Amino acid sequence: MNEVRSQYRPQEFEAKWQETWVEQGLYDTREDPDRPKWYALTMLPYPSGELHVGHWYAMTPSDTAARYKRMQGYNVFFPIGFDAFGLPAENAAIKHGVDPRKWTYRNIDNFRRQLRQMGAMWAWDREVVTCDPGYYKWSQWFFLRMLEADLAYREYATVDWCPSCNTTLAREQVWGEDRHCERCETPVIKRDLEQWKFRITKYADELLAGLKELEWANSVRTMQTNWIGRSEGAQVTFRTEAGDPIEVFTTRPDTLWGATFMVLAPEHPLVGKIIGDDNRTAVESYVAQAAQLAEEERGNAEKSKTGVFTGSYAVNPVNGDRVPIWIADYVMMGYGTGAIMAVPGHDDRDLEFARKFGLDVKRVITGPDGAVGPIGEAWPSQTEGAMCNSGHFDGTPVAGAAPKVVAWLEETSKGKSHVNYRLHDWLISRQRMWGTPIPIVYCLACGTVPVPYEDLPVTLPEETNMKASGENALLHTPSFLETICPSCKGAAKRETDTMDTFMCSSWYQYGYVDPYCKKGEPLTRDDRPWDPEIGQYWLPVDQYTGGIEHATMHLLYTRFFTKVLRDLGIVDFDEPMLRLFNQGMISGADGEKMSKSRGNVVDPDEVVAAFGTDVVRGYLMFIGPWDQGGPWDPKRIEGIRRFLQRFWTVANAKDGAGETVGDARELEQKLHATIQKVTDDLDHFHFNTAIAALMELNNDLMRALPTRLQGTDLWNEAIDTMCLLMAPFFPHLSEEVWSRRNHEVSVHLQSWPDFDADKILKDRINIVVQVNGKVRATLEVEAGLAEPQLQEGALAHPNVQAHLADKQIRKVIVVPDKLVNLVV
RNA sequence: GGGAAGGUGGCGAAAUGGUAGACGCAGCGGACUUAAAAUCCGCCGGGGUAACACCCGUGUGGGUUCGAAUCCCAUCCUUCCUACCA
């Protein structure tokens with residue numbers, strides 16, 4: 001038989017099928033109201049130098065899932081595009097003198113070629129490139145609409161600045177304990193600048209509440225919840241003895257009576273005003289020192305506390321206590337009001353500070369034993385104890401005390417209920433040229449003037465004057481910079497900051513449905529960025545897939561953006577992506593993160609040349625659970641190649657069937673069980689176990705190959721079904737085999753196979769017999785055997801009898817078709 | 001300090017209350033071959049046995065249950081996120 005077996009040579013047919021699918025328009029997009037739609041979206045790539053095997057890891061399972069939905073009868077939309085603005089292009093321009101536009105489009109060409117090699121069902125007819133003016137004019141249009149709605153604003157504030165990238169960053173792009181730039185890992189510094197921001201904090205509560213509705217992984221929802229950082233409490237006004245108000249935020253209004261001092265952040269605006277003359281030198285040098293200190297050291301909780309007394313006092317509004325005002329860098333200007341009331345009796349940090357500087361410690365909540373004993377350590381419990389030393393609140397149980405105190409604060413105008421968020425407004429200004437220009441003009445006469453809708457897009461200049469210093473080239477490009485004020489027609493200058501590229505990716509899922517809508521026409525305020533009918537059909541996204549690294553960046557921004565679009569009347573839903581699956585990361589063969597410097601990067605071109613696309617796809621899906629990631633192991637890719645070879649062998653077998661009788665019933669059972677298993681696994685993104693199930697069925701077919709089963713109707717049904725089940729994973733091989741079996745219409749236009757539940761039931765079943773829960777025997781019996789017979793069979797087994805010996809059977813547990821447990 | 005995900009053979013893993021290790025890699029043995037590659041067949045957690053039996057085994061210690069990798073409590077370790085957050 002060996003001589004009739006042919007070799008599986010994917011290189012001989014993969015390219016052919018890719019061309020055929022394009023010719024046949026197999027993956028062209030059509031809105032079809034008669035079929036249910038399924039919008040499957042995978043995070044769009046940034047076209048850096050080359051496609052990485054990490055892209056394959058993210059994208060091929062997404063494609064498999066999309067293909068599966070399509071075979072189930074959905075009209076599937078699986079678009080692709082390029083997130084094409086960003087610093088690498090600009091850096092290449094500065095370093096090598098290449099035009100960032102040329103650099104980017106050249107990379108995109110290469111990406112397209114490599115993406116086509118995946119054999120994925122991309123909707124190329126709806127491709128989007130975010131650096132095309134036809135795309136970014138809509139980003140500018142959104143900006144203008146948000147400006148009108150007071151959701152975009154300009155503010156002079158302290159911002160994070162990356163000295164290496166020469167630009168400001170959003171809070172979300174500052175990472176780690178040392179507060180480094182997300183891109184280049186340089187620690188950021190603080191700068192005071194006038195910057196554009198989006199009012200994402202306005203949606204904080206809704207962004208929190210919406211998470212409950214989403215079929216997203218817990219980890220992402222938790223990360224967003226923590227990032228938004230909602231805490232309930234009260235804002236209370238303390239006053240200096242001179243009468244200046246100092247607002248503090250506290251989550252423990254029930255401990256107000258225990259405030260024995262106050263602490264301001266060194267950057268607090270009141271600091272200059274309240275310094276007593278005797279303390280001026282000390283305070284000023286402390287503030288100067290704090291400004292010098294890197295955030296990383298300030299942020300380090302291990303560091304022992306430092307601080308300085310201002311010489312001023314404030315009055316505690318609830319009991320009139322005179323409390324000293326200190327300055328210390330453990331209070332951060334960026335959270336709450338930048339000032340705190342310190343309650344050392346009930347807060348560890350305040351206690352540490354009080355001890356170090358000899359400040360009063362007062363207990364206003366009774367301890368666990370009900371005593372108001374000596375202060376050993378801070379007593380932070382919010383559930384045990386009762387208020388004391390707190391005027392008429394004495395005796396109030398601490399559980400539930402806070403709302404009562406807040407109500408009283410409001411009645412007496414000493415404070416008010418307040419919710420504080422960790423979330424900051426989204427800073428979108430970037431001092432870089434390779435981005436979407438912010439459509440604003442600055443005029444000496446008229447001030448800040450938005451570019452009129454009909455003048456959009458504000459396009460980037462063809463030629464730019466790149467500076468080796470990395471300074472924004474737009475500042476040095478007069479053709480861009482110098483303009484005319486839309487309002488007074490006088491000379492004016494354009495905003496040279498561009499938008500954070502997360503702006504582009506906040507709405508790309510909408511851009512895909514109708515790319516570059518209103519080509520060439522002047523825009524108006526009332527235009528729509530995509531045809532509402534097309535949008536109505538496809539939106540929102542049904543299934544999103546991508547890495548978890550975007551949990552508090554892109555995934556938060558795009559949710560915010562959708563809520564804005566809803567409030568602008570552009571979409572009629574609240575959430576952009578209903579389901580989200582986060583794949584893991586593929587690492588190098590050494591288990592380390594793939595990177596050029598480590599030399600462990602796998603080039604997809606090379607492995608595809610060696611093994612073919614289908615093998616690479618299959619290998620990536622077989623590594624392990626998709627959300628877990630794992631190392632690239634060059635040896636294990638052989639396993640998938642062998643599997644596909646064996647399928648090829650089985651599927652191309654002709655004649656040569658042997659004399660032995662195969663078990664048809666067993667094969668039929670396995671066939672239907674496999675359909676069920678693969679269907680169920682694909683529903684849950686369990687690609688690895690789905691492939692294992694396909695391997696099992698194929699192994700059974702290998703065993704049946706030399707029997708008389710080969711060539712029977714059942715055999716042919718099994719091979720055809722294998723083609724269908726394999727099609728989403730291995731689109732080329734299954735198409736090749738399908739066509740060799742004389743099917744005329746593409747395997748990818750077939751329906752997903754159904755299984756027959758009756759056929760999955762086995763005729764004969766192995767029953768486990770346990771004595772005291774330990775397996776002592778197995779019995780092969782016919783399915784559905786009644787309990788008494790099962791029990792009888794179990795007792796009759798010699799090994800079971802040996803274990804029963806002369807013991808008394810106390811209890812018998814029988815699980816039909818599964819096991820008998822004898823308790824003695 | 002707070003949170004999330006994990007911990008199972010030599011390795012990637014499977015099993016979500018019912019035969020632990022499916023499927024695959026590596027390894028070992030065999031067939032084919034002058035030989036090798038490829039391909040095919042078989043074995044493959046540890047101890048134990050001539051072979052069975054039997055004993056041990058899912059990070060660790062308890063618990064629930066006829067029965068636990070799976071559920072509960074405690075604890076250790078790994079990875080990630082977050083953090084003087086008031």
Side-chain angles (χ1 to χ4, degrees), chain A residues 1-2 5 7 175-177 217-227 229-231 233 248-252 255 263 265 298-305 328-332 334-343 347-350 352-353 420-422 548-549 551-552 582 584-585 619 622-625 627-631 633-640 642-643 645-646 649 677 686 688-696 698-699 702-703 705-706 766-778 798-799 802-803 810-815 817-824:
Chain A
M1 232 169 18
N2 275 344
R5 289 184 181 178
Q7 280 255 294
W175 289 10
E177 269 182 44
N218 276 337
S219 52
V220 178
R221 292 190 295 180
T222 311
M223 280 162 83
Q224 290 207 353
T225 303
N226 293 341
W227 189 261
R230 182 183 202 273
S231 33
V248 300
F249 172 72
T250 176
T251 52
R252 292 297 304 279
T255 64
V263 185
R298 274 193 65 175
N300 186 351
E302 310 295 310
K303 195 193 76 163
S304 79
K305 302 232 175 328
D329 63 6
Y330 81 92
V331 174
M332 304 289 162
Y335 183 81
T337 62
I340 61 159
M341 61 169 201
V343 185
D347 182 284
D348 290 320
R349 295 156 304 176
D350 295 345
E352 188 196 331
F353 193 83
N420 195 59
Y421 298 93
R422 198 182 158 280
I548 200 165
E549 65 273 16
T552 54
N582 302 105
M585 281 249 288
Y619 167 65
F622 193 59
I623 288 179
D627 51 358
Q628 211 174 284
D633 182 346
K635 278 183 292 192
R636 290 177 47 214
I637 197 166
E638 267 296 321
I640 291 285
R642 281 178 205 150
F643 162 49
Q645 169 66 60
R646 277 198 284 262
T649 301
K677 172 75 176 152
H686 295 163
N688 57 328
T689 48
I691 291 176
L694 291 167
M695 286 172 167
E696 280 189 52
N698 198 62
N699 289 345
M702 274 306 274
R703 274 187 280 278
L705 191 60
N766 280 326
I767 301 288
V768 175
V769 183
Q770 299 179 330
V771 178
N772 282 347
K774 291 201 173 224
V775 180
R776 296 302 176 189
T778 58
N799 200 39
H803 279 93
R810 290 193 2 233
K811 198 173 175 185
V812 181
I813 286 138
V814 180
V815 183
D817 288 348
K818 246 184 193 148
L819 93 164
V820 177
N821 189 11
L822 304 164
V823 187
V824 297

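A, B, ... follow the sequence lines: proteins, then strands. Residue 1 opens every chain. Source: prediction; values computed, not measured.
Counting any heavy atom pair closer than 4.0 Å across all strands shown, A:Val768 reaches a base atom. Residue contacts for A:Pro631: at a heavy-atom cut-off of 4.0 Å it reaches no nucleic acid atom on any strand shown. Within the nucleic acid shown, A:Arg221 has no heavy atom closer than 4.0 Å to any nucleic acid atom. Within the 4.0 angstrom heavy-atom criterion, base atoms lie near A:Ile813. Contacts of A:Asn799 with the nucleic acid, taken as non-hydrogen atoms under 4.0 Å apart, involve only primed sugar atoms and P, OP1 or OP2. Residue A:Asn420 is out of contact with every strand shown, counting any heavy-atom pair closer than 4.0 Å. Within the nucleic acid shown, A:Asp347 has no heavy atom closer than 4.0 Å to any nucleic acid atom. Looking at heavy-atom distances under 4.0 Å, A:Arg810 makes no contact with the nucleic acid at all.
Taking a pair to require two hydrogen-bonding distances under 3.5 Å in either a Watson-Crick or a G-U wobble arrangement, B:A22 remains unpaired. B:C40: Watson-Crick or G-U partner is B:G30, with both key distances under 3.5 Å. B:U8 is unpaired under the criterion used here, namely a Watson-Crick or G-U wobble arrangement in which both key atom distances are under 3.5 Å. Nucleotide B:A53 forms a pair with no other nucleotide shown, judged by Watson-Crick or G-U wobble geometry with both contacts under 3.5 Å. Across all strands shown, B:G67 remains unpaired; no Watson-Crick or G-U wobble contact has both distances below 3.5 Å.
Ranked by how close their nearest RNA chain B nucleotide is to the 5' end, A:Pro625 and A:His803 are led by A:Pro625. Comparing A:Val220 and A:Gly336 by the nucleotide of RNA chain B that holds the closest heavy atom to each, the one mapping nearer the 5' end is A:Val220.
If you take atom C1' in B:G67 and the same atom in B:A20, they sit 14 Å apart, rounded to whole Å. Rounded to whole Å, the separation between the C1' atoms of B:A69 and B:U19 comes to 14 Å. Comparing B:A31 with B:A37, their C1' atoms sit 16 Å apart, to the nearest whole Å. The C1' atoms of B:A51 and B:U65 are separated by 36 Å, rounded to the nearest whole Å. Comparing B:A68 with B:U16, their C1' atoms sit 11 Å apart, to the nearest whole Å. Here, B:G12 and B:G21 have their C1' atoms 13 Å apart, quoted to the whole Å.
The side chain of A:Lys635 places no N or O atom within less than 4.0 Å of a non-bridging phosphate oxygen (OP1 or OP2) of B:G10. The phosphate of B:C25 (OP1 or OP2) has a side-chain N or O of A:Arg642 nearer than 4.0 angstrom. Look at A:Arg422 and you'll find a side-chain N or O under 4.0 angstrom from OP1 or OP2 of B:A83.
Protein atom NE2 of A:His686 is 13 Å distant from nucleotide atom C1' of B:A13, rounded to whole Å. One interatomic measurement links the two molecules: CE of A:Met223 to C1' of B:C81, which rounds to 5 Å at whole-angstrom precision. To the nearest angstrom, P of B:C11 lies 13 Å from CG of A:Asp633. Regarding A:Glu696, its CD atom lies at a distance of 14 Å from the C1' atom of B:A13, rounded to whole Å. A:Met702 has its CE atom 8 Å from the C1' atom of B:U39, to the nearest Å. If you measure from atom CD of A:Gln224 to atom C1' of B:G3, you get 15 Å, rounded to the nearest angstrom. The distance between atom CG of A:Asn582 and atom P of B:A4, rounded to the nearest whole Å, is 16 Å. Distance A:Arg349 CZ to B:C85 C1': 7 Å, rounded to the nearest Å.
Ring planes of A:Phe249 and A:Tyr335: perpendicular class, angle over 60° (limits at 30 and 60°).
A donor-acceptor contact under 3.5 Å is not formed by the side chain of A:Glu638 with the base of B:G24. For A:Lys305 against B:C84, a side-chain-to-base donor-acceptor contact under 3.5 Å is present.
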Would A:Asp347 and A:Arg349 count as a salt bridge (Lys or Arg N to Asp or Glu O under 4.0 Å) here? Give the steps. CA-CA 6 Å; A:Asp347 182 284; A:Arg349 295 156 304 176; 2.6 Å; yes

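B:G7 has its base anti relative to the sugar, with a glycosidic angle deviating from 0 by more than 90°.
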